[in-house]
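Working notes, beginning with the structure itself.
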Amino acid sequence: MTSHPLPPVPAAPSGPAAARPAPAAATGSAAGSPAAADLHDLVIDWFDEHARDLPWRRPDAGAWSVMVSEFMLQQTPVSRVLPVHKEWLERWPRPADLAAEPPGEAVRAWGRLGYPRRALRLHAAATAIAHRHDGEVPRDHAELLALPGIGEYTAAAVASFAYGQRHIVLDTNVRRVFARVVSGVQYPPNATTAAERRIAAALLPTEEARAARWAAATMELGALVCGARSPECGVCPVAAHCTWRLSGSPAHDGPPRRGQTYAGTDRQVRGRLLAVLRAAPGPVPRSALDAVWSDAAQRSRALFGLVQDGLVEPLPGERFQLPSR
DNA sequence: CAATCGTGGTG
DNA sequence: TCACCAAGATT
């Protein structure tokens with residue numbers, strides 16, 4: 001198999017003066033170049049054979065299933081999402097079903113997926129869909145983006161995966177794949193950059209259905225083969241095209257990537273407080289919450305934060321519960 | 001732009 | 001063991 005050079009990626013504008021309309025003639029556009037088409041085939045063919053059979057990818061999965069999965073998958077691994085996603089779709093088959101229940105039920109059913117504000121936002125998004133979108137998950141990227149808890153990535157993912165549209169889908173997996181294959185570095189930057197968007201745009205297949213397939217395929221490649229810790233280049237369909245690999249897989253240089261500490265933080269306290277409230281069928285006395293953390297100052301700060309975030313509802317008589325509305 | 005926001009698996 | 005990582009969004 002012949003190894004083609006990578007498609008050229010448009011250079012970054014060198015300054016404000018360089019801001020200009022996109023070239024009228026997209027001659028030599030990377031997406032249409034032979035090398036790009038080659039990459040598309042390799043990755044999509046690989047995907048056809050190795051894609052995981054996930055519930056939200058099945059033919060009968062609707063946009064709501066996709067949307068719920070995207071919320072749950074924000075910073076949470078597939079293996080832990082699977083059982084909760086199943087419960088949610090059985091209990092709330094449509095957005096209106098979720099919207100009909102108090103937000104606290106969403107927080108409770110969220111279980112231990114982490115970042116429970118996502119549950120609150122998903123409930124709020126479902127409510128907005130029920131009221132303003134006739135109960136249907138919107139197809140329009142801008143309308144999706146306007147929903148609570150949906151950012152650039154999730155809007156593109158829902159539009160692409162649920163509705164087959166052509167969008168730049170830049171998640172951590174895709175960014176890592178492009179960092180290696182195209183940019184020749186081990187890891188992408190901490191925050192998504194304009195350069196990354198240019199690369200993604202340049203490589204996005206022109207045809208809509210193929211673009212959607214490409215988005216899912218590049219994500220899956222990043223998840224299954226081009227992992228952060230252990231890239232398995234031996235089975236990678238584009239190893240022969242990978243700039244990083246071809247240059248000897250150089251280790252990441254520069255400042256260490258941000259690490260997240262957890263032990264002893266407010267987040268840990270919030271987690272413990274909320275765990276008590278999730279487990280209780282109804283209101284809980286303050287004494288039950290006091291038991292989870294010894295430092296009173298930090299404890300009250302965490303509880304206050306939860307109330308402020310709408311995750312906890314204070315009641316008369318020093319009692320607390322999950323939000324009833 | 002950097003900090004914040006949970007939780008559990010893993011190399 | 002423990003730092004790192006996992007389909008980000010919001011402020």
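Keep in mind that the numbers below use all heavy atoms, side chains included, and drop hydrogens, waters and symmetry copies. A, B, ... follow the sequence lines: proteins, then strands. Residue 1 opens every chain.
Annotation: side chain to side chain donor-acceptor pair (under 3.5 Å) contacts of A/Glu143 (sequence neighbours excluded): none.
Summarising the geometry, the separation between CD on A/Glu152 and C1' on C/dG8 is reported as 12 Å, rounded to the nearest angstrom. Look at CG on A/Asp171: it is 15 Å from P on C/dC5, rounded to the nearest Å. As rounded to whole Å, 16 Å separates atom P of C/dA6 from atom CD of A/Glu70. The CG-C1' distance, from A/Leu224 to C/dA6, rounds to 13 Å in whole Å. Residue A/Arg270 contributes atom CZ, which lies 10 Å from atom P of B/dT7 at whole-angstrom precision. Between A/Arg272 atom CZ and B/dG8 atom P there is a gap of 12 Å when expressed in whole angstrom units. A/Gln308 places its CD atom 12 Å from the P atom of C/dT11, with the value rounded to the nearest Å. Whole-Å rounding puts the A/Leu73 CG to C/dC5 P distance at 19 Å.
A sub-4.0 Å separation between OP1 or OP2 of C/dG8 and a side-chain N or O of A/Gln75 is present. For A/Arg121 and C/dA9, the shortest distance from a side-chain N or O to OP1 or OP2 is not below 4.0 Å.
As judged by a 4.0 angstrom heavy-atom cut-off over every strand, A/Thr172 is placed among residues touching the sugar-phosphate backbone only. Using a 4.0 Å heavy-atom distance criterion, A/Gly151 is classed as a sugar-phosphate-only contact. The residue A/Ile150 sits close only to the backbone: its heavy atoms come under 4.0 Å of sugar-phosphate atoms, none of a base. At a threshold of 4.0 angstrom between heavy atoms, the contacts of A/Trp110 with the nucleic acid are absent. Among the heavy atoms of the strands lying under 4.0 Å from A/Tyr262 is at least one base atom, whether or not backbone atoms are also near. When heavy atoms are screened at a 4.0 angstrom cut-off, A/Leu54 is found touching base atoms of the nucleic acid. At a threshold of 4.0 angstrom between heavy atoms, the contacts of A/Arg278 are confined to the sugar-phosphate backbone, with no base atom among them.
Sequence order on DNA chain C of the closest nucleotides to A/Leu145 and A/Arg229 puts A/Arg229 first from the 5' end. Mapped onto DNA chain B by nearest heavy atom, A/Ala191 and A/Asp266 fall at different nucleotides, with A/Ala191 at the one closer to the 5' end. Between A/Pro148 and A/Arg176, the residue anchored closer to the 5' end of DNA chain C is A/Arg176, taking for each the nucleotide with the nearest heavy atom.
At least one donor-acceptor pair closer than 3.5 Å links the side chain of A/Arg108 to the backbone N or O of A/Ala280. Remark: side-chain polar atoms of A/Thr76 are paired, donor with acceptor, to backbone N or O of A/Leu113 under 3.5 angstrom. A/Ser300 places a side-chain N or O within donor-acceptor distance of the main-chain N or O of A/Ala297, the cut-off being under 3.5 Å.
Between the side chain of A/Arg267 and the base of B/dT4 there is no donor-acceptor pair of N/O atoms closer than 3.5 Å. Interface remark: the A/Thr76 side chain does form a donor-acceptor pair with the B/dG6 base, using a distance-only criterion of under 3.5 Å.
Heavy atoms of other residues, nucleotides or ligands lying less than 6.0 angstrom from CZ of A/Arg94 number 12 at most. Open room surrounds CZ on A/Arg325; 12 or fewer heavy atoms of other groups in view lie less than 6.0 Å from it. The environment of A/Tyr262 atom OH is dense: over 12 non-hydrogen atoms of other residues, nucleotides or ligands sit within 6.0 angstrom.
Distance check on atom P: C/dT11 versus B/dG6 gives 14 Å, rounded to whole Å. C/dA7 sits 14 Å from B/dT10 when the P atoms are compared, rounded to a whole Å. As rounded to the nearest Å, C/dC4 and B/dA3 have P atoms that lie 15 Å from one another.
Of the charged side-chain nitrogens involved, at least one lies within less than 4.0 Å of a carboxylate oxygen, so that A/Arg299 and A/Asp290 count as a salt-bridged pair.
Between the side chains of A/Arg58 and A/Ser65, no donor-acceptor pair of N or O atoms lies under 3.5 Å.
Contacts of residues 153-163 of chain A with DNA chain C (heavy atom under 4.0 Å): A/Tyr153, A/Thr154.
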